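A short write-up of the structure that comes next.
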Amino acid sequence: MSGPTSAPDKMAVVAPNLQSTPTTLATHAPHVEDEDMSEDDKPLARKTHRLAKKRITGDSSSEDDKPLAKKPRVSNGAANKKRRVVDSDSDESDAGPSVKKEPEPTPKSNGAKPRSSTFKKPSPPSESDSDLSEDDKPLARKVNGNGNSKATKKATSSDSESLSEESSSEDEKPLAKKKAPPAKPRQSTASTKSTPAASKKKVKAEPKSESEDDDVPLAKGKTKVTSSAKDKKPVVKREKKVKEEEDEEEKYKWWEQEALGDGEVKWTTFEHNAVLFPPPYVPLPKNVKMKYDGVALTLPPESEEVAGFFGAMIETDHAADAKFRENFFKDFKAILEKYPPKESVKVKSLDKCDFKPMFEHFEREKEKKKAMTRDEKKAIKEAKDKLEAPYLFCTVDGRKEKVGNFRAEPPGLFRGRGEHPKKGTLKHRLRPEDIIINIGKDAKEPIPNIPGKWKGVQHDNTVTWLAHWKENVNGNAKYVFLSAGSSWKGQSDRAKFEKARELIKHVDKIRKDYTEDLKSKVMADRQRATALYFIDRLALRAGNEKGEDEADTVGCCSLRYEHVTLQPPNTVSFDFLGKDSMRFHQDVQVDAQVFKNIKLFKAEAKKKGDDLFDRLTTTLLNKHLNSMMPGLTAKVFRTYNASWTFQKQLKNTPKNGTVAEKIAAYNTANREVAILCNHQKSVSKTYESSKGKHEDKIRALKYQRMKLRLQLFSLNPKLKKKQPELAEDESDLDDEFCERHEAELLEKALDNAQKKFEKDNVKLEEEGEKKKDKSELNERLKEIKDEFKELKKERKSKKVEPRRAATEEKLLEQIGKMDERIATAKVQLGDREKLKDVALGTSKINYIDPRITVTWAKKYDVPLEKLFSKTLREKFPWAEAEADKSWVF
DNA sequence: GTAACTACTTAGAAGCACATTA
DNA sequence: TAATGTGCTTCTAAGTAGTTAC
């Protein structure tokens with residue numbers, strides 16, 4: 001668990017976007033009841049009472065009195081208990097702006113991730129922006145930065161002035177828009193309409209008629225024809241090349257074909273083997289038993305399996321979690337009722353259960369597995385591969401496609417995130433009777449690998465799933481789909497990015513409109529505009545309604561009263577748990593009108609637990625967005641802003657830098673996007689110790705530097721004055737460290753001498769020569785010890801005699817090199833610190849248009865494999881094919 | 001109009017394999 | 001060679017958003 005991190009560097013992208021000019025805003029502190037407010041404009045909370053009453057009476061005649069789409073969340077249950085803890089430090093006694101309080105980090109026990117980013121002052125624009133022309137900046141970045149954005153200035157200068165004039169100005173248009181780059185190979189998917197099956201058939205008219213089965217190794221077949229004893233090696237190479245070429249040909253380049261429309265039909269023929277069920281439970285050895293109150297229990301396999309699920313987790317955080325334990329124990333007791341222990345012991349308390357014997361058994365098994373020989377491991381792997389082979393691929397319209405999650409989820413304990421009320425609940429073992437499969441009409445119905453019959457077999461060619469079931473914990477649907485690298489996923493991925501690019505053409509108008517609507521007399525419109533402002537500027541998720549039996553997390557539309565607090569003149573503090581219970585904690589400077597609106601939405605009768613946007617739902621918001629641009633939804637803004645930010649940040653790449661430097665710039669850009677999207681990861685448990693080691697390494701370098709420096713001063717004492725920077729003590733290099741370091745060095749030197757002695761003797765023995773006497777070793781060890789005594793003296797006197805052949809010139813050169821090494825190590829340490837809780841992968845996989853990466857790699861001559869892993873390259877072949885050096889998002 | 005259902009994308013954790021270090 | 005660290009892959013939870021039923 002980590003504490004809140006220092007905000008400024010984390011927020012390089014997000015925060016500058018929203019900072020306005022506080023000085024100008026101060027004179028325009030909004031009032032809850034301003035004169036330009038119509039009846040509709042009045043604080044909603046005052047109306048909600050009326051509305052609630054009307055809803056009960058069924059009167060919904062006026063616009064305002066229509067039933068609210070969302071039910072106010074009833075505050076109860078465990079989720080609210082947690083909320084109360086959070087609230088305790090962010091509570092507001094009234095709806096008005098409060099004196100800024102530094103929100104405390106939510107403890108992990110509350111389900112919140114630790115990272116928080118707090119902004120108090122406008123920070124300068126991120127370094128990375130320095131070489132961007134103002135014209136080049138997307139609105140999201142320009143609104144504030146140093147607080148001088150035109151839009152902000154205007155907004156703050158007068159409430160009555162519309163912000164829209166500014167936001168629609170030409171210089172706020174994204175660069176790409178001005179350049180208007182066409183989607184290179186073909187028109188956008190959204191606008192194309194064709195019969196998918198037909199177009200696919202065009203693509204693969206005669207799909208693999210001869211070598212239909214990719215399972216037949218191509219090389220093998222060829223070998224028979226071409227190989228001869230004489231030229232075996234070249235042939236093997238040639239065959240490999242041929243195979244690669246053929247594989248290349250085999251690949252379905254869907255991006256070269258006509259785009260598929262949003263048509264219903266996804267396939268004509270569809271063959272697969274559905275899911276692979278895990279092996280049945282194997283009971284533990286007879287001597288491995290859980291204990292209850294000190295008594296070993298002999299459990300039937302059914303209950304032993306469940307005990308084992310918990311037993312395997314006893315050293316994880318889950319097992320210490322009260323809710324997790326409660327839910328597990330409830331289910332465990334139920335299964336014990338049905339399958340009681342032989343000893344007829346009544347299990348009444350989880351605290352009296354001792355799963356350690358089970359845990360230790362699992363650990364031993366892991367060790368055994370680890371200790372297996374290479375061949376044993378290989379044999380196991382081969383058996384596994386053989387078992388899984390039939391499930392790896394399916395055939396779609398004659399084409400071989402990779403299946404994604406073909407393994408039926410094994411039974412276990414539900415690992416809900418955050419404060420999920422069901423965490424710890426037993427996930428049942430799936431049987432064929434639970435699973436519906438979707439397959440071509442003429443395809444052979446797969447036989448499950450365990451006894452049983454499918455729950456159903458359907459032939460719906462408008463969907464892409466192979467199998468589907470309902471899990472028992474939350475009643476959610478689970479699906480088996482094709483892999484991320486499949487043509488279906490690739491097509492929808494590309495369509496997603498094309499839609500985000502399409503937004504570039506509309507975003508000015510949308511921003512202009514919502515800026516105007518921020519002042520709308522119609523409250524629903526004003527709320528919608530404010531929500532959209534946050535979605536656009538803060539990359540918030542839409543925020544669908546959630547049920548009571550889920551973790552209490554929110555997105556933009558579902559924000560509640562307690563999730564935002566106001567700090568005059570224009571700061572809005574967000575503190576809520578988003579998807580996966582990740583904490584979103586930011587102080588954001590907003591336009592005056594937005595500040596005013598939030599104050600209005602929180603006014604009077606509204607209280608904790610009430611929706612901030614009580615007249616807005618994701619459906620309403622998306623309907624509105626769809627009217628602005630076909631197919632536009634809230635989530636497109638995240639994709640657009642992420643890709644846009646990334647492309648912009650990449651402009652900071654050093655043109656003449658090394659590949660490593662360029663990659664560092666790439667990763668920095670990636671990090672900015674990850675921060676924008678609030679993608680977090682938990683800090684590794686070993687982080688602190690690994691950081692300590694790293695710091696010691698740096699200190700060790702400084703130690704070496706010190707020795708060089710002292711030698712130099714012995715040679716030329718004048719340098720102490722001439723080059724005072726050399727005389728400065730290496731920071732954090734205290735006596736305690738030096739002593740410890742020298743002791744470590746001594747130990748190492750002695751150890752090495754010992755090893756060398758032994759090694760030499762082995763060699764001498766092998767060569768039939770006389771071994772060295774032990775006295776020789778002892779002498780050497782004594783020498784080493786004496787040398788180190790010298791070090792101690794040097795440390796005390798702070799004087800080091802120049803080593804043999806040391807010259808002033810050489811020493812200065814060595815010090816210079818040492819300085820470089822220290823600087824590099826420090827940068828590395830800083831990078832690790834910055835990335836310790838930021839997850840880069842999610843944005844790379846889902847939000848950043850891969851063509852930006854491909855273009856960048858080509859432009860800066862960086863091998864793509866250094867940026868995309870194997871799986872990512874498999875996921876984005878279309879990007880590699882489409883993007884050239886000049887491609888722009 | 002709303003809740004429930006459906007199909008899909010997005011997400012961090014956990015597990016695993018490979019690289020580096022001692 | 002074993003221990004440790006790191007990055008990649010897999011797993012599955014948790015979102016979004018459209019459709020359907022009432």
Side-chain angles (χ1 to χ4, degrees), chain A residues 55 60 66-71 113 262 266 313 316-318 366 369-371 377 381 404-410 412 414-418 420 422-423 427 438 460 462-465 468 470-471 473-484 488-489 492-493 496 541-547 550-551 553-558 577-582 617-623 625-626 631-636 638-639 642 674 677-682 684 686-687 689-690 693-694 697 748 751-752 832 835 837 839-847 868-872 874-875:
Chain A
R55 197 159 49 176
S60 60
K66 278 182 186 160
L68 297 178
K70 289 196 280 181
K71 283 191 278 186
K113 287 282 289 214
D262 288 334
K266 303 280 196 331
M313 293 171 85
T316 66
D317 291 344
H318 297 295
K366 270 188 216 163
K369 212 176 153 191
K370 238 177 165 180
K377 284 181 188 165
K381 173 87 170 38
N405 53 329
F406 59 82
R407 294 177 196 90
E409 288 179 18
F414 173 66
R415 297 179 183 210
R417 311 251 167 95
H420 198 296
K422 299 263 183 85
K423 61 181 168 183
K427 266 176 69 174
N438 190 45
D460 184 353
T462 66
V463 294
T464 65
W465 53 266
H468 156 253
K470 210 171 185 185
E471 50 93 13
V473 179
N474 299 293
N476 290 336
K478 297 273 190 163
Y479 295 86
V480 173
F481 292 111
L482 293 193
S483 75
W488 282 341
K489 295 282 186 191
S492 70
D493 236 19
K496 172 183 76 185
R541 294 187 185 84
N544 284 330
E545 276 297 286
K546 291 190 74 182
E550 294 174 275
T553 63
V554 297
C556 187
C557 295
S558 49
L577 299 182
K579 184 177 180 180
D580 290 309
S581 294
M582 292 294 127
T617 64
T618 52
T619 308
L620 285 172
L621 176 66
N622 284 336
K623 256 187 194 161
L625 290 174
N626 191 57
L632 183 63
T633 62
K635 106 184 179 45
V636 180
R638 257 168 94 82
T639 315
C677 295
N678 201 38
H679 290 146
Q680 306 179 24
K681 68 175 183 197
S682 53
S684 146
T686 56
Y687 177 76
S689 74
S690 130
K693 282 180 194 167
H694 213 99
K697 263 187 192 170
K748 215 182 276 175
D751 199 41
N752 283 345
R832 282 156 62 95
L835 287 173
D837 59 352
L840 302 187
T842 310
S843 50
K844 210 179 201 179
I845 295 166
N846 301 298
Y847 288 106
F868 281 170
S869 66
K870 189 176 136 266
T871 30
L872 273 189
E874 279 169 13
K875 180 173 155 80

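Sequence lines set the chain letters: A, B, ... in the order given, protein chains first and strands last, and positions in each chain run from 1. This one's a predicted model, so the numbers in the text were calculated from it and none came from an experiment.
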**Study point:** Sequence-distant partners of A/D493, side chain to side chain donor-acceptor pair (under 3.5 Å), two or more places apart
**Key:** A/K496, A/K875
Review point. Does a side-chain heavy-atom distance below 4.5 Å link A/K546 with A/S558?
Key: no
Practice item. With the side chain of A/M582 defined as its heavy atoms from C-beta on, choose the nearest nucleotide among C/dA17, B/dA13, C/dT6. Key: B/dA13
Exercise for review: Go along nucleotides 14-22 of chain B 5' to 3' and tag each nucleotide: B for a protein heavy atom under 4.0 Å from its base, S when only backbone or sugar atoms are that close, - otherwise.
Suggested key: S--------
Exercise for review: Describe the nucleic acid contact of A/G841 in one word from base, sugar-phosphate, nothing, applying a heavy-atom distance below 4.0 Å.
Suggested key: nothing
Exercise for review: Could you say whether A/V636 or A/K870 is positioned toward the 5' end of DNA chain C, judged by the nucleotide with the nearest heavy atom to each?
Suggested key: A/K870
Review point. Just how far, in rounded Å, is P of C/dA13 from NZ of A/K423?
Key: 14 Å
Check your understanding: Is the shortest side-chain N/O distance from A/T618 to OP1 or OP2 of C/dT16 below 4.0 Å?
Key -> no
Check your understanding: Is the backbone of A/T633 close enough, under 3.5 Å, to the side chain of A/N622 for a donor and an acceptor to pair up by distance?
Key -> no
Check your understanding: For C/dT16, does either OP1 or OP2 sit under 4.0 Å from a side-chain N or O belonging to A/N544?
Key -> yes
Exercise for review: Not counting sequence neighbours, which residues clear side-chain contact (heavy atoms from CB on, under 4.5 Å) with A/R415? List them please.
Suggested key: A/M313, A/H318
**Study point:** A/F868 CZ - C/dC8 P separation (whole Å)
**Key:** 12 Å
Check your understanding: Under 4.0 Å between a Lys/Arg side-chain N and an Asp/Glu carboxylate O for A/E409 and A/K478?
Key -> yes
Check your understanding: Hey, does A/K427 reach any base, or is it just sugar-phosphate, or nothing, if we go heavy atoms under 4.0 Å?
Key -> sugar-phosphate
Exercise for review: Could you tell me whether the phosphate oxygens of C/dA14, OP1 or OP2, come under 4.0 Å of any side-chain nitrogen or oxygen in A/K546?
Suggested key: no
Revision key, fill the gap. Applying side chain to side chain donor-acceptor pair (under 3.5 Å) to A/T619 and not counting sequence neighbours gives none
Exercise for review: Would you please name every residue forming a side chain to side chain donor-acceptor pair (under 3.5 Å) with A/K366, sequence neighbours left out?
Suggested key: A/E363
Check your understanding: Is the phosphate of C/dT4, meaning OP1 or OP2, less than 4.0 Å from a side-chain N or O of A/S690?
Key -> no
Review point. Counting just side-chain N and O atoms, does A/S869 come under 4.0 Å of either OP1 or OP2 of C/dT9?
Key: yes
Check your understanding: Does A/R407 put a side-chain nitrogen or oxygen below 4.0 Å from OP1 or OP2 of C/dT10?
Key -> no
Review point. From A/F868 CZ over to A/K844 NZ, what is the distance, rounded to the nearest 0.5 angstrom?
Key: 6.5 Å
**Study point:** Rounded interatomic separation in angstrom, taking CG from A/L835 and C1' from C/dG5
**Key:** 16 Å
Practice item. Please identify each residue that fulfils side-chain contact (heavy atoms from CB on, under 4.5 Å) with A/S492, with sequence neighbours left out. Key: none
Sort me out a list of protein N/O and nucleotides 4-10 of chain B N/O pairs below 3.5 Å, or just none if empty.
| unit_1 | atom_1 | unit_2 | atom_2 | d |
| --- | --- | --- | --- | --- |
| B/dA7 | OP2 | A/W465 | NE1 | 3.4 |
| B/dA7 | OP2 | A/Y479 | OH | 3.1 |
| B/dC8 | OP2 | A/T464 | N | 3.1 |
| B/dC8 | OP2 | A/T464 | OG1 | 3.1 |
| B/dC8 | O5' | A/T464 | OG1 | 3.4 |
| B/dT9 | OP1 | A/S492 | OG | 2.5 |
| B/dT9 | OP2 | A/K489 | NZ | 2.4 |
| B/dT9 | O3' | A/K635 | NZ | 3.3 |
| B/dT10 | OP1 | A/K635 | NZ | 3.1 |
| B/dT10 | OP2 | A/K496 | NZ | 2.7 |
| B/dT10 | O3' | A/Y847 | OH | 3.0 |
| B/dT10 | O2 | A/K579 | NZ | 2.6 |

Point to revise | A/L872 or A/T633, whichever maps to the more 5' nucleotide of DNA chain C | key: A/L872
Practice item. Nearest whole angstrom, please: distance from the P of C/dA13 to the CD of A/E550. Key: 13 Å
Check your understanding: In whole angstrom, what separates A/L577's CG from C/dG15's C1'?
Key -> 15 Å
**Study point:** Results of side chain to side chain donor-acceptor pair (under 3.5 Å) for A/K579 - residues two or more places apart only
**Key:** none
Check your understanding: What nucleotide, of C/dA14, C/dG5, C/dT10, holds the atom closest to the side chain of A/F414?
Key -> C/dA14
Check your understanding: Over how many whole Å does the gap from A/R417 atom CZ to B/dG12 atom C1' extend?
Key -> 5 Å
**Study point:** Euclidean distance, atom NZ of residue A/K478 to atom P of C/dT10 [Å, nearest integer]
**Key:** 17 Å
Check your understanding: Do any side-chain nitrogens or oxygens of A/K422 fall under 4.0 Å of OP1 or OP2 in C/dA13?
Key -> no
**Study point:** Atom-pair distance (CG on A/N678; C1' on C/dG15), nearest Å
**Key:** 14 Å
Review point. Can you list the residues that meet the salt bridge (charged side-chain N to carboxylate O under 4.0 Å, His left out) rule with A/R832, with sequence neighbours excluded?
Key: none
